[in-house]
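The next block holds one structure in the form of structure tokens; read it before the comments.
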Protein chains: 2
Amino acid sequence: MAGTTKEQGTEQRILRAARKVFIQKGMAGTRMREVADEAGINKALLHYYFRDKQRLFTGVFKAGASEQFSCIWGSFIHCDTLFSAIEAFVAAYLDRMLEDPLLPLFIVNELNRDARGLSEFIDRGRESRARFLRMVEEARQRGEIIDIQPRELLVNIMALCAHPFIARPMLAHIHGMNNEAFRRMIQERRKTIPEFIIRSIRS
Amino acid sequence: MAGTTKEQGTEQRILRAARKVFIQKGMAGTRMREVADEAGINKALLHYYFRDKQRLFTGVFKAGASEQFSCIWGSFIHCDTLFSAIEAFVAAYLDRMLEDPLLPLFIVNELNRDARGLSEFIDRGRESRARFLRMVEEARQRGEIIDIQPRELLVNIMALCAHPFIARPMLAHIHGMNNEAFRRMIQERRKTIPEFIIRSIRS
DNA sequence: GTCTATATGTAGATAGAC
DNA sequence: GTCTATCTACATATAGAC
């Protein structure tokens, strides 16, 4: 019955360690040595499980990162109004990113370096995105919201959610925020972002 | 009278090349070799002008990047209303970043890696930021806008301006945008971002 | 100032013992 | 599977000729 997994599974330990270091330092800034140390093993074992750095990098995503996209984009699946969908999406996004605050910066960063590698990763939320865009278009036709391009609205929502995480060091510097203050700000934005958006688009 | 500058100045050529490569690849991803090639010289000369990689990196900013912050934050210096200041700021930010679309990602990236290095760089706009926050507070007290934290509004404005540049590869992938389409989108946002914001905060 | 040649360190990756 | 020891490549940086 058991068999493949040992105490915790070396492969899993490596993946968790690699994920942590890659997200923090990026592909170019990551040293295999550091991943090995973080996992409590040596470099040779990394190459035993994953042939090379690139495969390790890819493995990290195959093993978990992409499920998060599904989680976020699946957040509003049961919402029947546009406004409730926006609220659900914002809450899901902020909650998820609070657990991995460096993830947004990491993703845009690596996507900028090599868009091919993570394209399938993005496509996970494709249907949900299409559905959201339809909801916007329908709300517009019913006259519930002003005349705004669905794409534009989506970009704005993503911007308001992601940017505080991406620009966190700058915000921390400008406004003198520590970790606790940052979390409080994000918690408040769970409410204020939907309010900000809905005030702007409501007819 | 002339004297220090030659045909174009080797130091300037190096700085321009370094700037280009650093912004594209980041500190960790940049190879001195690549900078030398880009500048049309050899590696040794880089070390002759700038002792090491770190100093070259610093030199790039001392030589030009920080002035851009001043340009953006000085954009609304003659605006007497909050709404006109927002319009001026958004226009200045987008126009500037269209010239260096990779700059926003680069800045947040390096700031995340080492916040000390670029802190003085951020401080350039400090007074202007303070003035902007005062304008928001005053407009709020006059009842022209709703009850919103000045800081929060500033974060939202920055988010709406910067995020399309930062997440450009993702947007390009999702919406199938080429360079020309991206520029058109930014041009439209010069109008739509201020509208979006002002609709949201106007009493 | 600018080059070639080289020193020095360290990265990713492999060989082979256990 | 896991380790130590090592190979190879390449990055930063320097020495020294011109």
Side-chain angles (χ1 to χ4, degrees), chain A residues 1-63 106 109-110 113-114 116-117, chain B residues 1-63 106 109-110 113-114 116-117:
Chain A
M1 293 198 177
T4 54
T5 60
K6 228 175 58 179
E7 37 173 359
Q8 189 193 13
T10 304
E11 186 167 337
Q12 287 306 313
R13 285 230 312 284
I14 293 176
L15 281 173
R16 273 195 307 121
R19 180 185 154 82
K20 179 175 174 182
V21 180
F22 273 130
I23 287 181
Q24 207 165 74
K25 309 272 176 94
M27 174 67 169
T30 290
R31 302 289 94 112
M32 295 293 269
R33 167 69 191 267
E34 195 173 351
V35 175
D37 288 351
E38 178 72 31
I41 56 163
N42 59 43
K43 290 186 299 170
L45 213 51
L46 293 181
H47 290 91
Y48 174 79
Y49 280 94
F50 304 85
R51 255 192 94 70
D52 52 35
K53 194 181 179 184
Q54 181 58 48
R55 284 166 217 257
L56 176 57
F57 184 81
T58 306
V60 166
F61 283 88
K62 289 257 172 74
F106 170 73
N109 217 10
E110 296 305 324
R113 195 181 56 85
D114 177 14
R116 294 163 304 175
Chain B
M1 293 199 178
T4 54
T5 59
K6 227 176 58 179
E7 37 172 358
Q8 188 192 15
T10 304
E11 187 167 338
Q12 287 307 313
R13 284 231 313 282
I14 293 176
L15 281 173
R16 273 195 306 121
R19 181 186 155 79
K20 178 175 174 182
V21 180
F22 273 130
I23 288 182
Q24 207 166 74
K25 308 271 177 95
M27 175 66 168
T30 290
R31 301 290 94 114
M32 295 293 268
R33 167 68 191 269
E34 195 173 351
V35 175
D37 289 351
E38 178 72 30
I41 56 163
N42 59 43
K43 293 183 295 172
L45 212 52
L46 294 181
H47 290 92
Y48 173 80
Y49 280 94
F50 305 85
R51 250 192 101 67
D52 52 34
K53 192 181 179 183
Q54 181 58 50
R55 284 166 218 258
L56 177 57
F57 184 81
T58 306
V60 165
F61 284 88
K62 289 255 171 76
F106 170 73
N109 219 9
E110 296 306 323
R113 195 180 56 84
D114 177 14
R116 294 163 304 175

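Values below: every heavy atom of this structure, side chains too, minus hydrogens, waters and symmetry copies. A, B, ... follow the sequence lines: proteins, then strands. Residue 1 opens every chain.
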The reported gap from CD in Q12(A) to CZ in R19(A) (rounded to nearest 0.5 angstrom) is 12.0 Å
Taken to the nearest whole Å, CZ/R13(A) to C1'/dT2(D) is 11 Å
Those residues at least two apart in sequence (or on a different chain) that pass side chain to side chain contact (heavy atoms under 4.5 Å, CB included) with K25(A) are V21(A), T30(A), E34(A)
Whole-Å distance, Y49(A) OH to dT14(C) P, equals 17 Å
- Describe the nucleic acid contact of L46(A) in one word from base, sugar-phosphate, nothing, applying a heavy-atom distance below 4.0 Å. nothing
Of all heavy-atom pairs linking F22(B) and K53(B), the shortest is CZ-O, 4.2 Å
From CG of L45(A) across to P of dG1(D) the rounded distance in Å is 10 Å
When rounded to whole Å, the CZ to P distance for the pair F50(B) and dT2(C) reads 12 Å
Open item on the list: Is the phosphate of dC3(C) approached by N42(B) (side-chain N or O, under 4.0 Å from OP1 or OP2)?
Closed with: yes
When rounded to whole Å, the CG to C1' distance for the pair D37(B) and dC3(C) reads 15 Å
Result for salt bridge (Lys or Arg N to Asp or Glu O under 4.0 Å) between E38(B) and one of K20(B), R16(B), R13(B) points to K20(B)
Protein heavy-atom contacts under 4.0 Å, written 5' to 3' over nucleotides 12-18 of chain D as B (base), S (sugar-phosphate only) or - (none), form the string BBBB---
So CZ of F50(B) and CD1 of I14(B): to nearest 0.5 Å the spacing works out to 6.0 Å
When rounded to whole Å, the CD1 to C1' distance for the pair I14(A) and dG12(C) reads 15 Å
To the nearest 0.5 Å, atom CZ of F61(A) lies from atom CG of L15(A) at 11.5 Å
When rounded to whole Å, the CG to P distance for the pair L56(A) and dA11(C) reads 16 Å
